[in-house]
Asker: 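A single structure is presented below for examination.
Being a predicted model, the structure only gives us computed values, none of them experimental.
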There are 2 protein chains.
Amino acid sequence: MPNSAKQHNAGDLRFLKRLNRSAILEMVRRTPGMTRADIATEARLTKATVGTGVQSLLERGWLEEGELKKSSGGRPGRALYLNDGYYALIGAEVGVHGLRMVACSLNGHILDQHHEHLPPTTPEVTAQHLAECLQRLLAGPDVAERHCLGLGVAVPGPIAPGQTVLRLAPNLGWRDVPFLDLLRQHLPTLEGIWLMDNEAKAAAFGELYFRTGEIPDSLLYVSAGTGIGSGLVEGNPWPVVTRGLQGLAGEIGHTILQPGGLYCHCGNRGCAETLVSGWTLRAALGIAEEDDLYEALQPRLQDDDVQHTLKRAGQALGTLLLNLHHTQNPSEIVLGGSLTRLGPAFLEPALDYFDASQNRLLGISQRIPLRIIDDSTFVAARGAAAQVLAHAIHDPDAFGTKLSPSAAEVSS
Amino acid sequence: MPNSAKQHNAGDLRFLKRLNRSAILEMVRRTPGMTRADIATEARLTKATVGTGVQSLLERGWLEEGELKKSSGGRPGRALYLNDGYYALIGAEVGVHGLRMVACSLNGHILDQHHEHLPPTTPEVTAQHLAECLQRLLAGPDVAERHCLGLGVAVPGPIAPGQTVLRLAPNLGWRDVPFLDLLRQHLPTLEGIWLMDNEAKAAAFGELYFRTGEIPDSLLYVSAGTGIGSGLVEGNPWPVVTRGLQGLAGEIGHTILQPGGLYCHCGNRGCAETLVSGWTLRAALGIAEEDDLYEALQPRLQDDDVQHTLKRAGQALGTLLLNLHHTQNPSEIVLGGSLTRLGPAFLEPALDYFDASQNRLLGISQRIPLRIIDDSTFVAARGAAAQVLAHAIHDPDAFGTKLSPSAAEVSS
DNA sequence: TGCATTTCATTATTTCAATGAACTAATGAT
DNA sequence: ATCATTAGTTCATTGAAATAATGAAATGCA
């Protein structure tokens, strides 16, 4: 990791150069269309330094020049943009119901995506299957000609910081699986950055990092699916995912909302997941694991008992959101996962409770922006891809590839 | 703030020098007795660079040389230590029951302390009172001859990041008070760094930063007093307090533990504070605000109803700890505040619950270190002082004062 | 005791990235 | 057309760290 704190404790001139290059790149990424002069002002660097830095980033395919900006009595500056056509980022998610994978451009645009249904099976079979699908994705028309920066994999369970072992994935039946290593054995041709992260954390990162416009100081992604998890991303200008000592940060499905309540599969009583989660709803509404929760529920949505069950679950979700508000106080919340498809009967009680409660303490009217993702199929996979970019951007000279003369011709 | 990210986005040679100086200083602070050679290895700097850096830090009174280290066949290195006799850090806390203040050395040793009883009153009167006490503290025998780096103030309420306004202090009856500015008007002579932070956050910072031995990656301080608050410190080697958008991070007293439960003073129902806090216990046990909770309870500790009440409250605290474990997963937890004095009848149920529950999810036996502070009178004030040091250490040349020849003589 | 060896620390000297000042380039205003 | 203004480049200079050589102080062994 280029950011592994202790390394950056001190630095030499090369470190400084790297720092400034990545600062320039990140600034243009966040504010497309900046000119060299804008960068110099913002970064407090001289025009000369910015000039050479930008030159290098252009040569390596990170940036491209755009139109001349409107001038107000002086030479107009040249707009700079991320070169969205040169690199590719690969992201994948191992989910309970299958494998999802995407190829993204630097701006987070999805070039190609694939959803492969696969019921829970062994890590070995899963890795092999995923590797095959990724091979096809990499060979696809929009991807093959790009330079691939690396692969990020999202998994439904906690990962301790700095590790590549999935500690536990209850919904897959896995425990202590070195999934990234397994996958690499089946995909030795894919070079570059290899990362693995928890699904909600990857999603959180992607939602913050690929945001257009102002990037918030922090973002909380709440993933409500078979289980409930969250991911918090913090830090400006270099956002970082919060993991905690054992990777348990964000295991909010196992916070207690009802002391002495029902037993959870984790062994504790009254966990949030016993009140709101895919598996509790299935149990409460008598829906088999093989069936799609949304489709099975569709014809019964108007039933009183269904309405009541969804309302209770929604309220529990609202309580969970309030607790996170008063624990982590994120700048923004994004709600995703398969449960968001259950619609207003589930979501409205959650939002109503959260909206009514969030400002009581301070007695103000500021609302934390909350966004609901209707279809979060590829959110985690795309987030994992975002993490690859965030990694590469810390050392653009090392991870970037020098443009060949022909490629340079094309992009200029 | 020297760390206010956006500024450090990019840097020049002066920035690099500053970075390396503070890295050296921080390394010696964490690992007393390092030699120049040790630093060079650890920081991946050359001996030459470390040599000049150390020289400058010696001249400014940050470091001092110690004994020669034992050699194993070669020239022995010279041990380096923080110069614990040159600078002073001032910390203060505005609490519900009075003002607390400390003067610390760089290692966090308390040089002088003062506890001034003062019932809640206006910000103006409080500021004036505090200023007078601080004047006396600054003139004290162990403090006056030192160079003062600045003042940190801890207050019982949320502060939005980057602000110096106390948004709300329910237990003082304050709202939107620019307390630091008020205080400065009464204490114009005190130069250097001025900081204000929430009480639990300051305490958390101090407990992590002034720790001897290995410094954990993160630390959660839970302050259980009249209200319940927490502070999370994260980051290695530069720890940072988590605040959230509005400074509400750590307002765990207002997380819901009992949906539909009793009304809290914040207006929501079933807040943790309705189950465990000084004010709930007072209400439940019929103890007046003027009386000291601990002393009033002492003769009744064996009563069944008291035991039962304390047990219920303790269990709620345990639940709260578990929820924080599954939300933030800190490397270490420190429990402080006036309620820790209530003893085993209160604490054991909390610890028992937390110990029994914390590992169920992962199915392992690793225990999160949890320390209880019996007397946390000066913890927040000392933590505020720690924050002053953390600030100054980012630019030792700027904040340090060049040793006068006479002073240099004394310290060498 | 003498001497090679090892490690610590300091001292020139070199390297390298950012700076600053001078310069060219391109536009709008007069 | 001229000028003021802003954008971007060129190049000598500056400054901080690397490199390499030297001195210093211990250990260990003949």
Asker: Check the distance between D/dT27's P and B/Lys69's NZ and give it to me in whole angstrom.
Answerer: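 For the pair B/Lys69 NZ and D/dT27 P, the rounded distance is 15 Å.
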Asker: Rounding to a whole Å, what distance do you find between A/Arg18:CZ and D/dA17:C1'?
Answerer: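 From A/Arg18 CZ to D/dA17 C1': 14 Å.
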Asker: Any base atoms under 4.0 Å from B/Thr46, or only sugar-phosphate, or nothing? Heavy atoms, all strands.
Answerer: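 Here B/Thr46 touches the bases of the nucleic acid.
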Asker: Identify, with sequence neighbours excluded, every residue that meets side-chain hydrogen bond (donor to acceptor under 3.5 Å, both in side chains) alongside A/Glu234.
Answerer: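 A/Glu234 satisfies side-chain hydrogen bond (donor to acceptor under 3.5 Å, both in side chains) with no residue once adjacent residues are dropped.
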Asker: Partners of B/Glu65 by salt bridge (Lys or Arg N to Asp or Glu O under 4.0 Å), sequence neighbours excluded?
Answerer: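 Applying salt bridge (Lys or Arg N to Asp or Glu O under 4.0 Å) to B/Glu65 gives B/Arg36.
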Asker: Please determine, by modelled atom types, if A/Asp38 and A/Thr41 share a side-chain donor-acceptor pair under 3.5 angstrom.
Answerer: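 Side-chain D/A pair, A/Asp38 to A/Thr41: absent.
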Asker: For B/Asp12, check side-chain hydrogen bond (donor to acceptor under 3.5 Å, both in side chains) against everything at least two apart and list the hits.
Answerer: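 By the side-chain hydrogen bond (donor to acceptor under 3.5 Å, both in side chains) rule, B/Asp12 matches no residue at all.
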Asker: Any side-chain N or O of B/Thr49 under 4.0 Å from OP1/OP2 of D/dA17?
Answerer: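 No.
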Asker: ring-ring contact (aromatic ring centres under 6.0 Å, His included) with B/Tyr209: which residues, sequence neighbours excluded?
Answerer: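 B/Tyr209 satisfies ring-ring contact (aromatic ring centres under 6.0 Å, His included) with B/Phe205 once adjacent residues are dropped.
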Asker: Could you state the CG-C1' distance from A/Leu16 to D/dT14, rounded to the nearest angstrom?
Answerer: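 So the CG-C1' distance, A/Leu16 to D/dT14, works out to 14 Å.
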Asker: Starting at the 5' end of DNA chain C, which residue's closest nucleotide do you reach first, A/Leu13 or A/Leu68?
Answerer: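 First, find each residue's nearest nucleotide; the 5'-ward one identifies A/Leu13.
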Asker: Roughly, in whole Å, what's the span from CG in B/Asp12 to C1' in D/dG15?
Answerer: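 Roughly 10 Å, once rounded to whole Å.
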Asker: In whole angstrom, give the distance that lies between atom NZ of B/Lys17 and atom P of D/dA17.
Answerer: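 It is 8 Å, rounded to the nearest whole Å.
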Asker: According to side-chain hydrogen bond (donor to acceptor under 3.5 Å, both in side chains), who are the partners of A/Glu191, at least two apart in sequence or on a separate chain?
Answerer: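 Listed in chain order: nothing, the list is empty.
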Asker: Mind checking salt bridge (Lys or Arg N to Asp or Glu O under 4.0 Å) for B/Asp397 and listing every partner two or more places apart, or none if nothing turns up?
Answerer: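 With sequence neighbours excluded, B/Asp397 shows a salt bridge (Lys or Arg N to Asp or Glu O under 4.0 Å) to B/Arg21, B/Arg60, given in chain and number order.
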Asker: Report yes if a side-chain nitrogen or oxygen of B/Asn20 is closer than 4.0 Å to either non-bridging phosphate oxygen (OP1 or OP2) of D/dA16; otherwise report no.
Answerer: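 Result: no.
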Asker: Treating primed atoms plus P, OP1 and OP2 as sugar-phosphate and everything else as base, which nucleotides of nucleotides 1-13 of chain D get B, S or - for protein heavy atoms under 4.0 Å?
Answerer: ----BBBBBB---
Asker: Check side-chain hydrogen bond (donor to acceptor under 3.5 Å, both in side chains) between B/Gln163 and all other residues, then give those that pass, not counting sequence neighbours.
Answerer: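 B/Gln163 satisfies side-chain hydrogen bond (donor to acceptor under 3.5 Å, both in side chains) with no residue once adjacent residues are dropped.
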Asker: What range of DNA chain C does chain B touch, first nucleotide to last, counting atoms under 4.0 Å from its heavy atoms?
Answerer: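 Contacts span C/dT6 to C/dT19, reading 5' to 3'.
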Asker: Can you confirm whether B/Thr242 sits close enough to B/Val233 that some side-chain heavy atom of one is under 4.5 Å from a side-chain heavy atom of the other?
Answerer: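 Side chain of B/Thr242 against side chain of B/Val233, heavy atoms only: no contact under 4.5 Å found.
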